[in-house]
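Please read all numbers here as calculations on a predicted model, not as lab measurements. So you know, we letter chains A, B, ... as the sequences are listed, proteins then strands, and number each from 1. Computed over heavy atoms, backbone and side chain alike; hydrogens, waters and symmetry mates excluded.
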Number of protein chains: 2
Amino acid sequence: MLRKLQGFSKLEEADAAALAIIEAGTRLVPAGTDLISEGDRPEGMIAITEGFACRYKLRANGARQITAYLIPGDICDFETSILNRIDHTIGTLSTCRVARIGPETGRELRQRPALARGLRTVALVDEATLREWMMNIGRRSAVERLAHLLCELLVRLRAVGLASGNSFDLPITQIDLADTTGMTSVHVNRSLGELKRAGLIERKGKRVTLCDLPRLVELAEFRSNYLNWEAQTAA
Amino acid sequence: MLRKLQGFSKLEEADAAALAIIEAGTRLVPAGTDLISEGDRPEGMIAITEGFACRYKLRANGARQITAYLIPGDICDFETSILNRIDHTIGTLSTCRVARIGPETGRELRQRPALARGLRTVALVDEATLREWMMNIGRRSAVERLAHLLCELLVRLRAVGLASGNSFDLPITQIDLADTTGMTSVHVNRSLGELKRAGLIERKGKRVTLCDLPRLVELAEFRSNYLNWEAQTAA
DNA sequence: CGGCTCCTTGACTTAAGTCAACGCACGTGG
DNA sequence: CCACGTGCGTTGACTTAAGTCAAGGAGCCG
C-alpha cells in the first residue's frame, strides 16, 4: 500500500526497504479512536495501511467538521518542531491499521531525497484537496457534494488498488459523510437516495458502485487534476 | 511589510536585505486582475505588499469560491516544479502592490535557512487557515462565519501593523465576502447588518471596527491558535 | 451628467435542518 | 442460542436559514 503511494508520486529505488520497515510496526486500532489530538505536540508521522481515518475539528456545541480523509497509503507528516501545536485532531473512522513513525525514523526518511520529494508532493496534493473540498462545501448542492466526494474517493482508492472497476468499500457512516460535507446525516441519506434513484450509484452494505461514472462526473463537475500525480510522472 | 511577516515567523539577520530587494521590484495592479491562472505552470513566488488578493476557484456556472486571502506581507511560494500545474487562480480583490519573484531569486531565498524555515512555517499556517475556513463554511451560521472572518482579519492585519486598535480597512466588496463564506451577497449584507445592530461592529466606508471584540470572539468561537506564530517564538 | 458597480431592502421560494419514530443489523452477555 | 441494547439507516411532517428576484439608492469615475 505504502509502496503504491510513493510509487506514483516519485520514482523509488531501495527506499522501498525503508517503507517496508514501517509496515512492520503496524497496529490495529478500533473505529473512533483519536490518534493525535488538537493541541498535541507534533512528532514524527502517521501512516494508514488499512481503513479510513480523518482530520477533524470540533465546535463547542459538538459539531464536527472533517477536513480530510486518510485512506490506506496516506501518510501525514508533522514537520517536527516547525509548528509546535497541532490545530486539529486525527481520528479513525473505521477500524484501521496504523503505523506510527517516530521523529528519528521520520528524519531518516526525509533524508532520502526521493522520499522527501514524495512527502512534499503529498503535502501539496493534500492542500489542493483541501481547496477542492472547500469549493465543494461552499459552492455545490448537497447531491453534487456527495457525487464529487464519491468520484474523488474512487480515484484515490483506485490509485492504491482498493477499487475494482467502479466500486469500492466505504467503511464509514452517513454521519461521517455529513460531517465531511457540512450537512446533516438525514440530508445525506436523502441525497444518497436521490443519487441511487437517478441510477448513478448503487449500494449494498459498505460496498458502493458508481454505475454511471460519466454522468456522475458531469453532475459533480469533477476534475481529477487536483489529485494528479499523473501530471507529475508526465513531467 | 514583508519584513514584518518574516519577522515573527523566524528570526532574521541580513536576510532582510534580500527581502528589501524584492520590495524594490514592485508593481501596482488594479482590482480584479488575475496574477496566476488555473493550469499555469508554477514558477517562483508572488508577494503582496499592499491591498487584498485571493486564491479562488470557479465553477462552470460562474460560481466562485475564494479559498484564501493574501494580505500585505503574504507570500505565496510555488514550490517550483514539484507540481507542474496550479489547481486554482490567484487574483486581486482590490488595487494591489505586487512583487513577482522569479524562480532563480526564489531559489536563492530558499537557500537562506532562516527564510526557508519562515516560508515553510507560512505554508503550514496557510494550511491550518484553510482548515479553519472549512470549519467556518461547513459548521457555522452566516453571522458566525462573518464574525469569525473579521476576527481573523483583525489578528492578521495587526500582525503587519495595518490595524489601529480594533479597526482596519477592508477594501473588498460584499460579493467577495460572499464568495469567501459560501453565501450570497444579499445574505452577507443582512448578516453584517445584524452584527451592526447587535453593536458588535461598525462600518464607515471601507473602514471596519470590531467594537465589542470579546463578544465577537465568543460568538464566532474564534481561537487564534491556528494563526499562531506566537507559539513559534515562544518555542 | 450619465453610467457603472455595489449596497440595501422587501416579498417570496427553496434547500436543508429539525424532531421524531421505527426497523434493522450487529454484538454482547445472560 | 436467544434477548436485549445500541448505533445506524430510513422515512415523514414540519420549521427555518439562506437563496432568489427585483427594484431603488448611493457612491464613484470618466
Given 3.5 Å as the limit, does a donor-acceptor pair link the side chain of [X] with the main chain of [Y], or not?
X: R190(B); Y: S185(B); value: no
X: E202(A); Y: L210(A); value: no
X: D169(A); Y: P171(A); value: no

**Asked** Which nucleotide, dG9(D), dC6(C), dG17(C), lies nearest any side-chain atom of T173(B)?
**Response** dC6(C)
**Asked** Can you find an N or O donor on one side and an acceptor on the other, under 3.5 Å apart, linking the side chain of R190(B) with the base of dG10(C)?
**Response** yes
**Side-chain donor/acceptor of R203(A) to base of dG9(D), under 3.5 Å** = no
**Item:** Separation of atom NZ in K204(A) from atom P in dG9(D), rounded to whole Å
**Value:** 18 Å
**Message:** Any side-chain N or O of Q174(A) below 4.0 angstrom from OP1/OP2 of dG7(D)?
**Reply:** no
**Request:** May I ask you to verify if any side-chain N or O of N189(A) is less than 4.0 angstrom from the OP1 or OP2 atom of dT10(D)?
**Result:** yes
Could you check whether [X] gets within reach of a base, just the sugar-phosphate, or nothing at all, counting any heavy atom under 4.0 Å?
X: S141(A); value: sugar-phosphate
X: G205(B); value: nothing
X: G32(B); value: nothing

**Request:** Using heavy atoms to find the nearest nucleotide of DNA chain D for L192(A) and V188(B) separately, return the residue whose nucleotide is more 5′.
**Result:**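 This one resolves to L192(A).
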**Item:** Verdict with reasoning, W133(B) to Y226(B), per ring pair (Phe, Tyr, Trp, His ring centres under 6.0 Å)
**Value:** CA-CA 11 Å; W133(B) 280 31; Y226(B) 65 99; 9.3 Å; no
